[in-house]
Trainee: 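Here it is: the structure, laid out below.
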Amino acid sequence: MKAHDGMYIDGAWRPAAGPGVIEVVNPADEQVIATVPAGTVEDVDAAVRAARAALPGWAATPPAERAARLAALRDVLVARQDEIAETVTAELGSPPKLSQTVHAGVPIAVTGSYAELAATYAFEERTGNSTVLHEPVGVVGAITPWNYPLHQIVAKTAPALAAGCTVVVKPAEDTPLVARLFAEAVHEAGIPAGVFNLVTGLGPVAGQALAEHPGVDLVSFTGSTAVGRRIGAIASGMVKKVALELGGKSANVILPGADLARAVNVGVANVMSNSGQTCSAWTRMLVHHDQYDEAVELAAAAAAKYRDRIGPLVSATQRDRVRGYIAKGVAEGARLAAGGPDSPHERGYYVSPTVFADVTPGMTIAQEEIFGPVLSVLRYADEEDALRIANGTVYGLAGAVWAADETEAVAFARRMETGQVDINGGRFNPLAPFGGYKQSGVGRELGAHGLAEYLQTKSFQF
Ligand code: NAP
Ligand code: MG
């Protein structure tokens, strides 16, 4: 058990203003592994002041120099990749291989992509008789969730720094350790004092204080739709820019000509990855009625293979919430084809990989986000029916389409109300804009679109 103290503010670890601490629990064995300070309004205020003071200097730093700092940051993340992976495994419970490739690997790729973008982006352009400058929005308040703890921080911090903004991050209370590690990496990379600041703490205290602080120009939030709505209201009340990356309930649409076994196996792997704690997971599998029974059998067999491999959920609260949804699915008449509400292990916050069959579009498990390893398989009669079901939730973050060929899959994907669609198993691309239609959010992260979120224009007419 390690008791960490201090907040990373203005380039140094400063004592926290209050005595409160947060216990960090390893969800695989339920042991307390560390404590971090619980930040207060005073800590947030100190961090925002530091970020404001650093803003003019960083905003005026040539993009090539900002790019060099981001490249140095990427190199530190590479050097500390094992430590990052071990930390995420300890506080999130993710299996070591996933921690290496995804939790540590993706932030390296994203930081690298912004080192390149900062060096090459057109921060100044001509249109007619005008010169348009793309200037940093200012001080960014970033509030992040625990499911991809480092990725969520990097997906906000890297583009903000590339743009010339300064940042205060409030990480999720469940996963503050990798956030502290990131602050050390920022320091090692020689990023000037005050450009990046970290305040650990509780959402309704430190998170809210950050969103409400008049010194914050842009609030970037990733998390639940319920909290996102509150943050959006606070930000609009104060006329701040806001970016919201919220929940999802993505559809995996398998059209009749597709390779059924591949589509089902990849679909199950997608849902079980990170123990189902992925906002863009394809939690609803849509199958033509002629292929339905075969698909359910394949999905149940695929899910059973994850029983001994899957990690725990992040906390007892999340485990109980997911089990509640499983009980609700049974109560509303869905059929358990694999898994169920019982835990596969005695210790740890585990949930069995679960597959529901005979799910109809109106059921709670087909409408609400379940942040756990639970797949619903729904049947459709024809393509129009599939489209109606796919688009029939308040969410629109991601999805997948499988068909005999790309043209057919793309024709269907064009009609989906969602920000991302993987065509016949297309791979994650860290340069492609990520974000939601409908109640899945406002704004985009990653790549050039993600950078543009942190910029505002100024036009000179000649
Ligand atoms: P959450 O409860 O909304 O928490 C997200 C962050 O907001 C945490 O840092 C949390 O602090 C903080 N927070 C909580 N209440 C707050 C308040 N009143 N004011 C300011 N900040 C507050 O979400 P979660 O349960 O941790 O994460 C899961 C959700 O995130 C899912 O719905 C998922 O779909 C969504 N998500 C979306 C994306 C995307 O890109 N669209 C990505 C990942 C996750 P605490 O940690 O102290 O609660
Ligand atoms: Mg929470």
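Counting from 1, the numbers follow the sequence of the chain as shown. Numbering of ligands and ligand atoms starts at 1, following listing order.
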Trainee: Go through ligand 1 atom by atom and flag the ones less than 4.0 Å from a non-hydrogen atom of Phe434.
Mentor: 40 (O)

Trainee: Show me which atoms of ligand 1 lie under 4.0 Å from any heavy atom of Gln208.
Mentor: 18 (N), 19 (N), 20 (C)

Trainee: Taking only non-hydrogen atoms of Gln152, do any sit less than 4.0 angstrom from ligand 1?
Mentor: yes

Trainee: Near Ile143, which atoms of ligand 1 are under 4.0 Å from a heavy atom of that residue?
Mentor: 6 (C), 7 (O), 9 (O), 12 (C), 21 (N)

Trainee: Does an N or O anywhere in Leu246 fall below 3.5 Å from an N or O of ligand 1?
Mentor: yes

Trainee: Can you list the atoms of ligand 1 that are under 4.0 Å from a heavy atom of Ala172?
Mentor: 9 (O), 46 (O)

Trainee: Using heavy-atom distances, let me know which of Ala38, Pro176, Pro149, Gly203 sits nearest atom 13 (N) of ligand 1.
Mentor: Gly203

Trainee: Without placing hydrogens or testing angles, list every side-chain donor-acceptor pair under 3.5 Å for residues 309-316, not counting sequence neighbours.
Mentor:
unit_1, atom_1, unit_2, atom_2, d
Arg309, NE, Lys305, O, 3.4
Ser315, OG, Gln318, N, 3.2

Trainee: Which option, Leu202, Ile234, Val227, owns the non-hydrogen atom nearest atom 15 (N) of ligand 1?
Mentor: Val227

Trainee: For ligand 1, indicate whether the residue Leu210 contacts it via side chain, backbone, both or neither (heavy-atom separation under 4.0 Å).
Mentor: neither

Trainee: Taking the side chain as everything from C-beta on, heavy atoms only, tell me whether Asp45 gets closer than 4.5 Å to Glu42.
Mentor: no

Trainee: Check whether the side chains of Ser99 and Thr89 place a donor and an acceptor atom closer than 3.5 Å, and report yes or no.
Mentor: yes

Trainee: Salt-bridged, Lys249 to Glu368, with N to O below 4.0 Å?
Mentor: no

Trainee: Below 4.0 angstrom from a heavy atom of Pro145, which ligand 1 atoms are there? Numbered from 1 as shown, please.
Mentor: 27 (O), 43 (C), 44 (C)

Trainee: Could you tell me if Glu332 and Thr364 have a donor-acceptor pair between their side chains, going purely by distance under 3.5 Å?
Mentor: yes

Trainee: Is the Trp13 ring parallel, tilted or perpendicular to the Tyr8 ring (thresholds 30°, 60°)?
Mentor: tilted

Trainee: For Tyr148, is the nearest heavy atom under 4.0 Å from an atom of ligand 1?
Mentor: no

Trainee: For Thr40 and Asp43, does a side-chain donor sit closer than 3.5 Å to a side-chain acceptor?
Mentor: yes

Trainee: Within the 4.0 Å heavy-atom shell around Gly207, which atoms of ligand 1 are there?
Mentor: 20 (C), 21 (N)

Trainee: Going by the atom numbers of ligand 1, which of them fall below 4.0 Å from some non-hydrogen atom of Trp146?
Mentor: 24 (P), 25 (O), 26 (O), 27 (O)

Trainee: Which one holds for Glu445 and ligand 1: side chain close, backbone close, both close, or neither close, with close meaning a heavy atom under 4.0 Å?
Mentor: neither

Trainee: Any side-chain donor paired with an acceptor under 3.5 Å for Asn252 and Trp402?
Mentor: yes

Trainee: What pairs meet the ring-ring contact (aromatic ring centres under 6.0 Å, His included) rule with one or both residues in residues 310-334, with sequence neighbours excluded?
Mentor: none

Trainee: Under 4.0 Å from a heavy atom of Asn147: give me the atoms of ligand 1 that qualify, with their elements.
Mentor: 43 (C), 44 (C)

Trainee: Is it the case that ligand 1 has an N or O less than 3.5 angstrom from some N or O of Ser224?
Mentor: yes

Trainee: Between Glu184 and Arg80, is there a side-chain N and carboxylate O pair less than 4.0 Å apart?
Mentor: yes

Trainee: Give yes if a backbone or side-chain nitrogen or oxygen of Ser440 is under 3.5 Å from a nitrogen or oxygen of ligand 1, and no if not.
Mentor: no

Trainee: Has ligand 1 got any nitrogen or oxygen that is less than 3.5 angstrom from a nitrogen or oxygen of Glu173?
Mentor: yes

Trainee: Looking at Lys156 and Glu445, does any basic side-chain N land under 4.0 Å from a carboxylate oxygen?
Mentor: yes

